[in-house]
Structure formats: C-alpha cells, structure tokens
There are 2 protein chains.
Amino acid sequence: MVGVRWASVQGMVILVQAPAAVPARHPGRKRVTSQTELEQAAFGLFAAHGFEQTTVDEIAAAAGIGRRTFFRYFPSKNDIPWGAFELELERMRVRLKACPREVPLMDAIRLALIDFNRVSPAQVPLHRRRMELILRVPALLAHSTLRFTAWRQVIAEFVAQRSGRRPDELAPQVIAHAVLGVAVAAYEHWLDHPAADLGALLDDGMRQLDAAFSGSLR
Amino acid sequence: MVGVRWASVQGMVILVQAPAAVPARHPGRKRVTSQTELEQAAFGLFAAHGFEQTTVDEIAAAAGIGRRTFFRYFPSKNDIPWGAFELELERMRVRLKACPREVPLMDAIRLALIDFNRVSPAQVPLHRRRMELILRVPALLAHSTLRFTAWRQVIAEFVAQRSGRRPDELAPQVIAHAVLGVAVAAYEHWLDHPAADLGALLDDGMRQLDAAFSGSLR
DNA sequence: AGCGTAACGGCACTAGGTGCCGGAATCAAG
DNA sequence: CTTGATTCCGGCACCTAGTGCCGTTACGCT
C-alpha cells in the first residue's frame, strides 16, 4: 500500500519519514496517516479548486487530521508535491557514481538525467500533475529553487570528482546549472505537449545546448 | 536626493514608480517617500538583524510610514532588494536587439551578459549587498525565480529571433536557462571571493560551459 | 476658499507556520 | 491488568505577510 522501499537507505531521510508499513517494534502511538495519503487528499483538492485556493485546514480536514498534525507530515504546504524527491535524488547520486570513467563527462550526465526522469507509464499521470504544480504554480516554482539546489549539487559533485575540481568551483556549478536548465526546459515543453516523450526531450535539450556552443546555431 | 532619472523611459515602469522629484503637475497628495529611501532603511535593518528577523512593521517604522503604506511601494518584503531590475532588464533587451547579426549568437549573449552585469565601482558595495540577500537568503532566492523567468525570456526571445524559432521552443529555452545558470554561478563565486572580477567570472563561466560540451573537460 | 485627486494609514481579516502542552495511543515490563 | 516510558495527536495562542475597505489628509488648480 505505502509502497516506498527504503530498507537500503540510512541517512538522507529528510522528507520521507518512517512509513507505517514497517512493522518495527516502536513504542508509542502509531502514526495515523502518511505523506502519501495526505498527498492524495491534497491533490484532489488542488485539482478541484486550485493550489492557492486550497487551505491547509481544508487538506487536514479532508484527510481527517488536525491542522497542527499536517505540519508534522509536511514542513510546508509547498512541500506537498515533492513526494520522495530526496530518495530519487539519492538514486541519481548512486547512479552517477557507478558510471564508468570511460563514458565522457557530458554523456554520463545526459544519460543519468534521462534515467533519473524515467517514470513507468502507469505513473505518468501522477508525475505530470506533480510537475504541473511545481512548474506552473508561482509559489511552488519559487519554492522549488531550494530543491533544485540540492539537485544541482549532485551534478556539481560528479563533475568535480571527474575533473579533479572542488564542487564549489565555477565549472562544476556552471555545468550543474546548465543541466538543470535543460531539465526544466524539457519539462516545460513536456507539459505543453503531452504527446512528447520526456526522455527524448531531455536528450534533445542536451544536444541543443551542445549545438549552441558548437556554433551550429546562429 | 531621490536620484532616479527616468525621463527617457516610458512604458515598462513596473517596480519603479513616480519618484517625488518630477515636478509634473499631478493633482493629489505627494508621495511621502520613495523606493530608494525605503530600500535604504530596510538594508540598514537587514544588516543589523538579518532579513528574516526584520519585520515589515520595523521597516515602515524606520522609514516613518505606516505599514499599509509600505505595501504601496513594494508588492512584498521579498521585492525590496531588486531595485530597478525591470529597467535594467529592458536595457539588456535593447542592447541585444542592437547587436549586429555578424556577431555569433553565443558571443552576442556572452557580451550582453557581461555588459548587463557591469556596475560602476562606487556601486559595487550596494550591488554586493543586494546579491548577497537575493542569493543567500532562502526566501529571497526562492522569490528570485520569478524575476529570473523574465530575465530568461529576454534571452530566449533573442535566440528565437536569431535562429528563426519561437521563444517557447526547446532550444531558446535551454540556452536561456544555461546562460542564467552561468550568471548565478558566477555571482555565487563572486560573493565568496570578493576580490574576483565579476565580468571575468561571467566570461569564464560561459567558456567553461563551452569547454564542457567540446569535450575538453573530462 | 473650494473642489477633485491621489496618497496615507488605521482596522479588520485571511492564511501559513510555530511553540507549548495536555491528552491519547501504543508497547514492554512487572 | 496495571504501570510507565515513549510517541504521536491536535487544540490554543501567537507571529508575520499580505489584502480589502474606508475615512482622512495633503496637494494642485481654479
């Protein structure tokens, strides 16, 4: 039901806290709901009345919990659409680290980018709703900046490791910003063109950027 | 005193409204302060207690106006550090449009980027405080997203015009995101290394990105 | 002086977010 | 079964940003 496997993860549990499925013998009262349940309740309300018109009170009421409790599951209303982002991010970090050094830097990044954003067909509608909220609701787009920083850091660390620099140097940061830019631009396009293939857009985006610098774009 | 010359500007007055200096025969009560004055009062408080610890009431009190009036000068507390950004942006738009077609696309952008971010030595300290707030205070960094969108749009429109595409196509958007990324990364570096030259960092950033795609970075 | 106009600013209200604290649920041990 | 430690729930009070409303104030012009 809860469906989040996380046995292998140890640290890095920032957003996703213990789901109720784990039978572990914890003392104390059981959690009455989960992030996933709250997310579903919230998404329903967002779809019906829009993000801004939906108050936290309404979400809490719809989920049958107190307003105060809501803020124990999500640090803010803006965090609702992000799901298990930190987990996904960790996945990308591992994937990049596992990439053989024979693969050229930008190829490695391009492939990881595509892989990171692959979703099973069954989850596409949910993913689309998520991204629609994140990229189209001004307050959420603004909030996303903070998540994007963590995302970029993963790229920057990979570039740094590969090129013998420190992650905070200019080159890794610039590349990380650029790659994130490709991702966001591809998503924007994907939202506007539902028939488009996200992976292809990401691939294309990276190649367009390449082309721009190679001078083939005038 | 007010010091904002704007006689030559006509449209595009979004943030900067009529300063009291213009003698124009407007009926009605005169404005009692200006964005610049409020900005100064606010910056003082920010430096003393930090952005988040400073309330709008305190800023208003320091400037000798009512809290309600503050919100007639700035749409939100988050907008304080942005100064005449819209005006600057318009300057960049004009500058790009004036660039001869002989100049290759990415060179034109690189030069405009450097030019856009040139500040006179006397204004460097203020500019640094501005950017420190915008890029280091989480709430302001988040808010900046909205301004950055407008900034990217200027780049995207230029690329589109040059390459015979529409601004919302993938290539212009990707390039715009990447260039903004260079700018932000350069500013981050500049904030960490006060001795560095911002123009050089921007130039370097663009070239690093170029190098990454040319495969010279491994 | 009087009139139209526009800015001021108080008041009340909404909404997100937080600290505090008593109460309820759960598990383990006696 | 009772007790106690632990953990979660959720009400309450409070803070802050931001907005609509509206009476008041200051200004320019006639």
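Convention: sequence-line order gives letters A, B, ...; per-chain numbering from 1.
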Enquirer: When you measure from the side chain of A:Asp203 to the backbone N and O of A:Gly199, does any donor-acceptor pair fall under 3.5 Å?
Expert: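 Checked: no pair found.
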Enquirer: Rounded to whole angstrom units, what separation is found between the CZ atom of B:Phe70 and the P atom of D:dT19?
Expert: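 Distance check: B:Phe70 CZ to D:dT19 P gives 11 Å.
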Enquirer: Would you mind telling me which of C:dC8, D:dT19, D:dC9 lies closest to the side-chain atoms of B:Phe71?
Expert: D:dT19
Enquirer: Rounding to a whole Å, what distance do you find between B:His26:NE2 and C:dG4:C1'?
Expert: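 Value for this atom pair: 15 Å.
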Enquirer: Check whether any side-chain N or O of B:Tyr73 sits under 4.0 Å from OP1 or OP2 of C:dC8, and answer yes or no.
Expert: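 Checking B:Tyr73 against C:dC8: at least one side-chain N or O falls below 4.0 Å of OP1 or OP2.
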Enquirer: Whole angstrom is fine here: how far is it from CD in B:Glu37 over to P in C:dC8?
Expert: 11 Å
Enquirer: Roughly how many Å is it from CZ in A:Phe51 to C1' in C:dG16, rounded to a whole number?
Expert: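 Computing the A:Phe51:CZ to C:dG16:C1' distance gives 10 Å.
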Enquirer: Could you please name the option among D:dC21, C:dG16, D:dC9 that lies closest to any side-chain atom of A:Arg67?
Expert: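 The answer is C:dG16, which lies nearest to the side chain.
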Enquirer: If we count only N and O atoms by modelled type, under 3.5 Å, do the side chains of B:Asp168 and A:His189 hold a donor and an acceptor together?
Expert: no
Enquirer: Take the protein atom CD1 of A:Ile65 and the nucleotide atom P of C:dA24, then report the distance between them rounded to whole Å.
Expert: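 In whole Å, C:dA24 P lies 19 Å from A:Ile65 CD1.
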Enquirer: Is any N or O donor-acceptor pair between the side chain of A:Arg68 and the base of C:dG17 shorter than 3.5 Å?
Expert: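 No, the side chain and the base share no sub-3.5 Å donor-acceptor pair.
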Enquirer: Report the distance from atom CG of B:Asp57 to atom P of D:dC15, rounded to the nearest whole Å.
Expert: 12 Å
Enquirer: Under 4.0 Å between a side-chain N/O of A:Ser76 and OP1 or OP2 of C:dG16, yes or no?
Expert: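 No, because none of the side-chain N or O atoms of A:Ser76 sits under 4.0 Å from OP1 or OP2 of C:dG16.
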Enquirer: For the aromatic rings, using the six-membered ring if either is Trp, is the centroid distance between B:Tyr187 and B:His127 under 6.0 Å?
Expert: yes
Enquirer: Does B:Arg166 offer a backbone N or O that forms a donor-acceptor pair with the side chain of B:Glu169 under 3.5 Å?
Expert: yes
Enquirer: Between P on C:dG16 and NZ on B:Lys77, what's the gap in Å once rounded to a whole number?
Expert: 18 Å
Enquirer: Rounded to whole Å, how long is the line connecting atom CD1 of B:Ile80 with atom C1' of D:dA17?
Expert: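 Going from CD1 in B:Ile80 over to C1' in D:dA17 covers 12 Å.
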Enquirer: Consider only side-chain N and O atoms of B:Glu58 and B:Thr54, and report whether a donor and an acceptor are under 3.5 Å apart.
Expert: no
Enquirer: Just checking B:Thr55: base, sugar-phosphate only, or nothing, at a heavy-atom cut-off of under 4.0 Å?
Expert: sugar-phosphate
Enquirer: Does A:Lys30 place a side-chain N or O at less than 4.0 Å from the phosphate oxygens OP1/OP2 of C:dA25?
Expert: no
Enquirer: Looking only at side-chain atoms of A:Arg72, point me to the closest of C:dA6, C:dA24, C:dC20.
Expert: C:dC20
Enquirer: Could you check B:Arg29 against A:Gln53 and say which one's nearest nucleotide on DNA chain C is further toward the 5' end?
Expert: B:Arg29
Enquirer: Side chain of A:Pro27, heavy atoms from C-beta onward: which of D:dT6, C:dA6, D:dA17 has the nearest atom to it?
Expert: D:dT6
Enquirer: With heavy atoms under 4.0 Å as the rule, sort B:Gly28 into base, sugar-phosphate or nothing.
Expert: base
